[in-house]
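Numbering of ligands and ligand atoms starts at 1, following listing order.
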Amino acid sequence: MKKLSIILPCYNEEETLPSTLPKLLLILKQLEKEKKVSPDSFLLCVDDGSSDKTWQIIDQFHSKYSNIFGVKFSRNYGHQNALIAGLSVAERKADLVITIDADLQDDESTIPSMVEKSQNADVIYGVRNNRDTDSAFKKITADGFYWTMKHLGVDMVPNSADFRLMSKRAIQQFLKYDERNMFIRGVVPLVGFNHDEVLYARKERQAGETKYPLSKMIHFALDGITSFSVAPIRIIMNLGVVTALIGIVLLVYSLIQHFLGNTTTGWSSLITSIWFLGGMQLIAISIIGEYIGKIFTEVKHRPRYNIEKDQTSEMEEKNNALE
Ligand code: UDP
Ligand code: MG
């Protein structure tokens, strides 16, 4: 029987955890009872440097239940890093890992069918079959984002977020992607292996507010695009070529005007081209800057997170004591 670990990234989730953990525990118990997963399966909460009572709550649950564990970051490192930390901790201790948001917006009742399907596949994506609970703005921006990613040649499963199951070997391969600016949804398909999907309707957040304000979302989308594609650089290069051609045409035009004696006119075209070119250059520089920024962070090879406390290490100690 396979050992399952469910990972929850938690950032200021004091309002949702007290109801989320019992719900997941119930699902885990049921799976254990039906002998679908081994009885030492566990929940792993990664506290992403919360400033509220999140860690105290995890700690309380940990002392009450033998199959709930927490890992605490020393500060906020972001959702993606919390997931990576959870995966690398769980990979050593479990055979199957499911990642799910702590607010349970992704339908936890599909977990048993994910486990079922994992017999024939290494990665099971949770795919949303509607976006009814999203605002119109989020729908449009999300669609635009997936459209852009697709046209930039990034193989992503549309409408799947970070709710998925991965097998041990899929995680091991995934963790070899050692990039700092990790965009998990783009990297998982690169790992390959057999994959499958479960469909679900995404719910409203049960309590608290989103930890992904617009600024974080834009950053996330930009990270996704620039981590996977050099297409923006090519677009800028093509634009540059076109602009240069227009410049040549304008030069010919102004020479003709000069010989016709009309040189006093043309101030407006001059000023527009100055502004236009200035704008183009700024866009080009900013895009190049984006990539240089990426190189900068990759070259530094900084640790992605720093775990302050890890309750799963007790698991090994207990096992060792038993042996
Ligand atoms: N999260 C995190 N670190 C952050 C921001 C969010 O670990 O810096 C977690 C958060 O606790 C939740 C998940 O990531 O479990 C998704 O966040 P949220 O539900 O706020 O995003 P939304 O569903 O609104 O996109
Ligand atoms: Mg959410």
Side-chain angles (χ1 to χ4, degrees), residues 5-21 23-24 43-58 61 68-90 97-108 110-111 126-128 130-146 156 158-164 180-185 188 200-224 304-310:
S5 166
I6 302 179
I7 296 176
L8 302 114
C10 313
Y11 178 54
N12 294 341
E13 297 286 3
E14 62 179 7
E15 286 170 282
T16 57
L17 279 182
S19 69
T20 297
L21 293 176
K23 277 187 202 160
L24 291 177
L43 302 183
L44 177 64
C45 307
V46 183
D47 176 7
D48 184 10
S50 301
S51 51
D52 64 359
K53 294 209 175 62
T54 299
W55 180 251
Q56 281 95 309
I57 294 170
I58 296 172
F61 272 91
I68 295 187
F69 296 89
V71 159
K72 184 180 188 299
F73 277 0
S74 55
R75 66 165 174 85
N76 180 242
Y77 283 94
H79 182 206
Q80 302 288 291
N81 285 325
L83 286 170
I84 297 169
L87 289 173
S88 25
V89 171
V97 176
I98 291 177
T99 49
I100 187 165
D101 287 353
D103 56 0
L104 290 191
Q105 280 191 278
D106 307 308
D107 192 357
E108 72 281 4
T110 56
I111 289 178
V127 177
R128 311 172 56 165
N130 71 55
R131 282 195 167 264
D132 294 348
T133 53
D134 279 355
S135 64
F137 177 75
K138 183 131 186 186
K139 260 183 234 173
I140 294 169
T141 47
D143 283 346
F145 176 66
Y146 286 116
M156 256 176 28
N159 293 322
S160 76
D162 288 307
F163 176 39
R164 69 175 86 72
R180 305 294 101 178
N181 302 289
M182 175 74 97
F183 184 69
I184 302 178
R185 309 174 195 185
V188 174
Y200 70 97
R202 194 165 150 102
K203 297 177 275 181
E204 302 268 9
R205 188 177 241 283
Q206 14 161 347
E209 52 194 33
T210 175
K211 309 297 181 293
Y212 262 104
L214 184 65
S215 56
K216 256 193 199 173
M217 234 159 69
I218 293 174
H219 200 87
F220 185 61
L222 260 180
D223 239 10
R304 269 193 294 236
Y305 49 79
N306 176 11
I307 291 179
E308 195 178 303
K309 291 190 191 123
D310 179 359

Requested in this report: Determine the interplanar angle of the Phe220 and Phe183 rings, folded into 0 to 90°, and report it as parallel if under 30°, tilted if 30 to 60°, perpendicular if over 60°.
Outcome: tilted
Query raised in the report: Can Glu108 and Lys203 be counted as an ion pair, charged N to O under 4.0 angstrom?
Result: yes
Requested in this report: Please determine if Arg202 and Asp107 form a salt bridge, counting it only when a charged side-chain N lies under 4.0 Å from a carboxylate O.
Outcome: no
Which part of [X] is near ligand 1, with near meaning a heavy atom under 4.0 Å away: side chain, backbone, both or neither?
X: Cys10; value: backbone
X: Asn76; value: side chain
X: Arg202; value: side chain
X: Asp101; value: both
X: Glu13; value: side chain

Query raised in the report: Is the distance from the Mg ion (ligand 2) to some N, O or S atom of Asp101 under 2.8 Å?
Result: no
**Report entry** Short N/O/S contact of Thr210 with the Mg ion (ligand 2) (below 2.8 Å)
**Finding:** no
Would you mind checking which non-hydrogen protein atom is closest to [atom], with the distance to 0.1 Å?
atom: atom 22 (P) of ligand 1; value: Thr210 OG1, 3.7 Å
atom: atom 14 (O) of ligand 1; value: His79 CD2, 3.1 Å
atom: atom 25 (O) of ligand 1; value: Lys138 NZ, 3.3 Å
atom: atom 19 (O) of ligand 1; value: Asp103 OD2, 2.7 Å
atom: atom 21 (O) of ligand 1; value: Tyr212 CD1, 3.3 Å
atom: atom 15 (O) of ligand 1; value: Pro9 O, 2.7 Å
atom: atom 20 (O) of ligand 1; value: Lys211 N, 2.4 Å
atom: atom 4 (C) of ligand 1; value: Asp48 OD2, 3.4 Å

Please check if the side chain of [X] supplies one atom and the backbone of [Y] the other of a donor-acceptor pair under 3.5 Å.
X: Asn76; Y: Asp48; result: yes
X: Thr99; Y: Phe163; result: no
X: Gln105; Y: Glu204; result: no
X: Asp52; Y: Glu14; result: yes

With atoms numbered from 1 as shown, which atoms in ligand 1 lie under 4.0 angstrom from a non-hydrogen atom of [X]?
X: Lys216; answer: 4 (C), 5 (C), 8 (O)
X: Gln105; answer: 19 (O), 22 (P), 23 (O)
X: Gly78; answer: 3 (N), 8 (O)
X: Ala102; answer: 15 (O)

**Report entry** Check: Glu209 N/O within less than 3.5 Å of ligand 1 N/O
**Finding:** no
Query raised in the report: Could you walk me through whether Leu87 and Val97 pass the side chain to side chain contact (heavy atoms under 4.5 Å, CB included) check?
Result: CA-CA 7 Å; Leu87 289 173; Val97 176; 3.7 Å; yes
Assess, by modelled atom type and distance only, whether the side chains of [X] and [Y] contain a donor and an acceptor separated by less than 3.5 Å.
X: Asp106; Y: Tyr200; answer: yes
X: Glu13; Y: Ser50; answer: no
X: Asp162; Y: Gln80; answer: yes

**Report entry** Geometric cation-pi criterion Arg75 and Phe73, 6.0 Å radius, 45° cone
**Finding:** no
Report task. Give, for atom CD1 of Ile84 and atom CD1 of Ile184, the distance between the pair rounded to the nearest 0.5 Å. Result -> 4.5 Å
Query raised in the report: For the Mg ion (ligand 2), what is the closest N, O or S atom on Asp103?
Result: OD2
